[in-house]
Amino acid sequence: QVKNREVEALMRKALPKRSVQILHDLGNTGDILDLAVYAVGGFVRDLLLGQENADVDVTVDGDGILFAETFAASHGCRVKSHEKFGTAVIVFPDGFKIDVASTRLEYYVSPGALPTVERSSLKMDLYRRDFTVNTLAISLNAPSFGKLIDYFGAYRDLQAKVIRVLHNLSFVEDPTRVFRAIRFEQRLGFKIAKHTEDLIKTAVKMDFLVKLGGRRLLSELVQILKEKEPINGICRMASLGLLRFIHPGLELTPELQGTLEEVRYVVSWFDLLYLERPYERWAVYFLALCERLTQEQFLDTCTRLAVSEHYRERLAEMRRQGDELVGPMERKLARGEQVENSEIYFTLRGLPVEILLYQMAKSGSSEVKRCISLYFTKLHGTRPLLKGEDLKQLGVKPGPLFREVLDVVLSARLNGKVSSKEDETALVRNLLS
Ligand code: ATP
């Protein structure tokens, strides 16, 4: 039995002071309204593992919306409430959020559908969760602050590092849990319990995952691909036979494994180089995963995953452009021909980071990798020293010619043919004459 003060000590160790204070304040609001308040779910799981989880989920034994509004009024926060679900989000002035739910029983009208909600007890609320490790609650009311509530052996499973469902119909009820099991297993370094794994295999054999809506499938896949080490998750999906539910043509071949390892290498190189540059890392893994698919199969996959038409076309276009643009460069390099910096620049300019990283990972040629890396590190940010104003003074008339002249100057700069503003001016004069 974990003591209240041990939980409090964990909070002080793993959470910022402010978060601990907010937990106390939530409990105090519960005391005023005479409602029991609990922190629940992933937040508690991670806390007991000594980690902070910024998503604070709170469950109130009663009206969650009233609770959220009362708390918000005395703490200068806003509330966004969802009457239908009895849930609310408390938003602090700095954007920090707390999700508030009322104890409730969600049941599923059909597998893969969104749940219908009714009110129930805390125990029933926790029983409807995916895995035992997510069923812990901590009481926040002042008299019992820090009391750990463990109805389903969650603490034991946390210590044994296992992911276990609460009942045999769990995956039938909601097949997304199959993917969630893999995600938690890989992220936490846990193991899916034997019986739970058998239930996954049964669900796969009986094709329960076919009923899973595209959006939910996409969301789970993206979350796996967003994990720190997505390859383990992909391997696990493959070994459990899940890839065919995304597309029957998907298969984890040794070549694909090789490309995925290259993606891992390339994205960590890129992240080290450009700490702050935003890009969709998961999309690079996704493109690699779909490597063997034809363009038509790729479009089918996007349709299965309910990717919006606009984004689907964009992804397909990126895939095509990548091959069309990088392919010729690769062949030229393979023939031992020289590729100038300006050619690299004008070939790769306009391609999104995701496709460039994917091309870098997938290319077997170290020369292509070198060209793309050179593009990122040196060529990408290169600009002529001459500005539009300078060109006007040199007598270039604004219009299409302007762009052309600037591109010639840029090419010369990229290829090291000019280095100063005087060089560039001389080049433009030469061009004009
Ligand atoms: P993460 O750190 O990835 O956000 P989390 O545990 O907070 O992990 P969420 O997806 O935010 O996960 O879900 C919050 C809680 O809701 C989980 O702890 C889990 O108990 C419950 N939950 C989420 N999805 C399901 C599901 N499909 N079936 C049952 N319970 C679920």
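As the structure lists them, so they are numbered: ligands from 1, and atoms in each ligand from 1.
- Every atom of ligand 1 is numbered from 1 in the order shown, and the set under 4.0 Å from a heavy atom of Thr176 is 27 (N).
- At a threshold of 4.5 Å between non-hydrogen side-chain atoms, the residues Ile138 and Tyr38 do not count as touching.
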Q) Gln295 and Arg319: side chain to side chain donor-acceptor pair (under 3.5 Å), yes or no, with the steps? A) CA-CA 8 Å; Gln295 196 70 341; Arg319 241 170 74 109; 3.0 Å; yes
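- Not less than 6.0 angstrom separates the ring centroid of Phe208 from the ring centroid of Phe171.
- Paired with Phe179 under the rule side-chain contact (heavy atoms from CB on, under 4.5 Å), one option of Ile224, Leu240, Leu221 passes, and it is Ile224.
- For atom 17 (C) of ligand 1, the nearest non-hydrogen atom from the set Gln51, Arg45, Arg180 comes from Arg180.
- Remark: ligand 1 atoms within the under-4.0 Å shell around heavy atoms of Gly42 are 6 (O), 7 (O), 18 (O).
- Of all the atoms in ligand 1, the ones that sit under 4.0 Å from a non-hydrogen atom of Arg183 are 3 (O).
- The ligand atoms of ligand 1 that sit less than 4.0 angstrom from a heavy atom of Phe184 are 6 (O), 8 (O).
- Side-chain contact between Leu136 and Arg45: absent, with no pair of heavy atoms (C-beta onward) separated by less than 4.5 Å.
- Proximity to Asp55 (heavy-atom distance under 4.0 Å) selects the following atoms of ligand 1: 4 (O).
- Note: an N/O pair closer than 3.5 Å links Asp174 and ligand 1 by distance alone.
- Of all the listed residues (Gln223, Glu220, Arg187), Arg187 holds the heavy atom that lies closest to atom 1 (P) of ligand 1.
- Relative to the ring axis of Tyr345, Arg413 does not place its NZ or CZ within 45° and under 6.0 Å from the centre.
- Checked options Val162, Val165, Leu166, Thr196; the residue passing with Thr132 is Leu166 (criterion: side-chain contact (heavy atoms from CB on, under 4.5 Å)).
- Counting only non-hydrogen atoms, the option in Asn53, Asp130, Asn134, Val40 that gets closest to atom 29 (C) of ligand 1 is Asp130.
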